[in-house]
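Reviewing the structure listed below.
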Amino acid sequence: MNTDALIEAALLTQPEAVSELTLRRLADPPLSEDELAEAMDLLRQRWQNRALQLVHTPLGWRFQIASAAFEWLGNLHEQRTPRYSRAVMETLAIIAYQQPVTRGDIESIRGVTVSQTVIQTLQERGWIEVIGQRDSIGKPSLWATTDQFLSDFQLNSLTDLPPLTELGELVLPDLKCQ
């Protein structure tokens, strides 16, 4: 079987993004970075203007439903989108925009204590992780977002986050837009 077909099958059958290293190793001998890039370009062209699109994320390559098809297909799997509390979303926003941050940093920005449940929810979702400790009394953990966060929010990097000023009252409810 040819390598292009194996790569396509791997991407279509995996629920998560497949790393470039894994895709390169599907060939014998393994593909070079340039050979994989060429194969991915051809595959992306083959799937152009279809309901599925091939996308590159920080975690690797995956197929996802094209936005034009999403609203039509959304009713097929009546999965309930997880609802996250305001505390969870505020905490995630603070970590995303201010990282790396400690729990104390988050609490001082939010003005309330951050419950362990909030941190645990974000960790279980794979959106945040400890990346070190601050060199201060107690050595508090430093929190940052993960590649899974970028992938789930369809961001290539943190620079793709919208500017805080565009979020307006969503993030800063006390500010009145004039």
Side-chain angles (χ1 to χ4, degrees), residues 7 10-11 14-26 30-37 40 44 53-65 67 79-178:
I7 290 172
L11 292 169
Q14 298 304 307
E16 300 293 329
V18 181
S19 74
E20 291 188 1
L21 181 60
T22 300
L23 293 173
R24 288 177 46 210
R25 289 182 177 168
L26 288 175
L31 299 174
S32 70
E33 289 182 24
D34 291 338
E35 290 170 326
L36 178 63
M40 299 313 288
R44 188 182 284 169
Q53 59 187 8
L54 181 61
V55 296
H56 186 255
T57 73
L59 295 174
W61 289 90
R62 72 174 182 202
F63 278 104
Q64 69 183 27
I65 298 171
S67 56
Q79 292 179 337
R80 300 189 110 203
T81 304
R83 298 239 180 234
Y84 296 105
S85 70
R86 182 178 180 134
V88 167
M89 296 311 292
E90 286 177 357
T91 301
L92 180 59
I94 290 167
I95 294 170
Y97 283 94
Q98 302 293 321
Q99 64 188 301
V101 295
T102 65
R103 188 183 198 130
D105 297 334
I106 298 166
E107 290 173 349
S108 87
I109 292 169
R110 287 194 65 226
V112 295
T113 302
V114 177
S115 78
Q116 182 57 35
T117 305
V118 167
I119 298 294
Q120 185 175 351
T121 298
L122 293 170
Q123 278 186 288
E124 287 173 358
R125 191 69 178 100
W127 289 343
I128 65 168
E129 65 184 354
V130 174
I131 60 163
Q133 282 76 38
R134 182 169 287 160
D135 191 21
S136 63
I137 297 173
K139 302 251 185 223
S141 297
L142 288 169
W143 295 94
T145 56
T146 63
D147 286 342
Q148 185 67 49
F149 165 80
L150 294 173
S151 180
D152 287 354
F153 285 87
Q154 297 180 6
L155 302 168
N156 290 318
S157 72
L158 292 171
T159 58
D160 294 338
L161 285 169
L164 282 174
T165 54
E166 286 183 19
L167 297 178
E169 291 186 20
L170 181 65
V171 174
L172 305 168
D174 295 336
L175 293 179
K176 300 295 180 199
C177 297
Q178 297 183 15

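Along the sequence shown, residues carry numbers from 1. Any value given below was found using the heavy atoms of this structure, including those in side chains, with hydrogens, waters and symmetry copies removed.
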### Summary
In this structure, CE of M89 is separated from OG1 of T91 (nearest 0.5 Å) by 10.0 Å
### Message
Is it the case that the side chain of Q99 and the backbone of A96 share a donor-acceptor pair, with hydrogens and angles ignored and the cut-off at 3.5 Å?
### Response
yes
### Message
I need the full list of salt bridge (charged side-chain N to carboxylate O under 4.0 Å, His left out) pairs touching residues 115-133, with sequence neighbours left out, sorted by first then second residue.
### Response
R125-D152
#### Entry: Closest contact, heavy atoms only, L158 versus F149
CD2-CE2, 4.1 Å
### Message
I'd like to know if the side chain of T57 and the backbone of G60 have a donor-acceptor N/O pair within less than 3.5 Å.
### Response
yes
### Query
So Q64 and Q154, side-chain contact (heavy atoms from CB on, under 4.5 Å) or not? Walk me through it.
CA-CA 10 Å; Q64 69 183 27; Q154 297 180 6; 3.7 Å; yes
### Message
If you count heavy atoms of other groups shown closer than 6.0 angstrom to CG of D135, is the number above 12?
### Response
no
### Task
Report, as yes or no, whether the 6.0 Å neighbourhood of atom CD on E33 holds more than 12 heavy atoms from other residues, nucleotides or ligands.
no
### Query
Is the side chain of R62 donor-acceptor paired with the backbone N or O of E16 at a distance under 3.5 Å, no angle test?
no
### Task
Could you grab the distance from atom CG of L59 to atom OG1 of T146, nearest 0.5 Å is fine?
7.5 Å
### Query
Do you know which two heavy atoms are closest between S157 and T159, and how far apart they sit?
OG-OG1, 2.6 Å
### Message
Which residues pass the side-chain contact (heavy atoms from CB on, under 4.5 Å) test with T102, not counting sequence neighbours?
### Response
D105, R134, P140, L142
### Task
With rounding to the nearest 0.5 Å, note down the distance linking CD in Q98 to CD1 in I106.
10.0 Å
#### Entry: Min side-chain heavy-atom separation L11-L23 under 4.5 Å
yes
### Message
Run the side-chain contact (heavy atoms from CB on, under 4.5 Å) test on I7 and L36 for me, step by step, so that the C-alpha distance in whole Å, both residues' side-chain angles and the decisive distance to 0.1 Å come before the verdict.
### Response
CA-CA 9 Å; I7 290 172; L36 178 63; 3.9 Å; yes
### Query
From F153 CZ over to T145 OG1, what is the distance, rounded to the nearest 0.5 angstrom?
10.0 Å
### Query
side-chain contact (heavy atoms from CB on, under 4.5 Å) between D160 and L150: does it pass, once the steps are laid out?
CA-CA 9 Å; D160 294 338; L150 294 173; over 6 Å; no
### Message
Looking only at the side chains, is there a donor atom on one of W127 and Q148 sitting less than 3.5 Å from an acceptor on the other?
### Response
no
### Task
Hey, could you give me the CD1/CD distance between I128 and Q123, rounded to the nearest 0.5 Å?
5.5 Å
### Task
Determine, step by step, whether H56 and E20 satisfy the side-chain contact (heavy atoms from CB on, under 4.5 Å) criterion, reporting the C-alpha distance in whole Å, the side-chain angles of both residues, the deciding distance to 0.1 Å, and the verdict.
CA-CA 10 Å; H56 186 255; E20 291 188 1; 2.9 Å; yes
### Task
Any chance you could measure L21, atom CG, to L26, atom CG, to the nearest 0.5 Å?
10.0 Å
### Query
If every non-hydrogen atom of V114 is compared with every non-hydrogen atom of R110, which pair is closest and at what distance?
CG2-NH1, 4.4 Å
### Message
Between W61 and V55, is there a side-chain heavy-atom distance shorter than 4.5 Å?
### Response
no
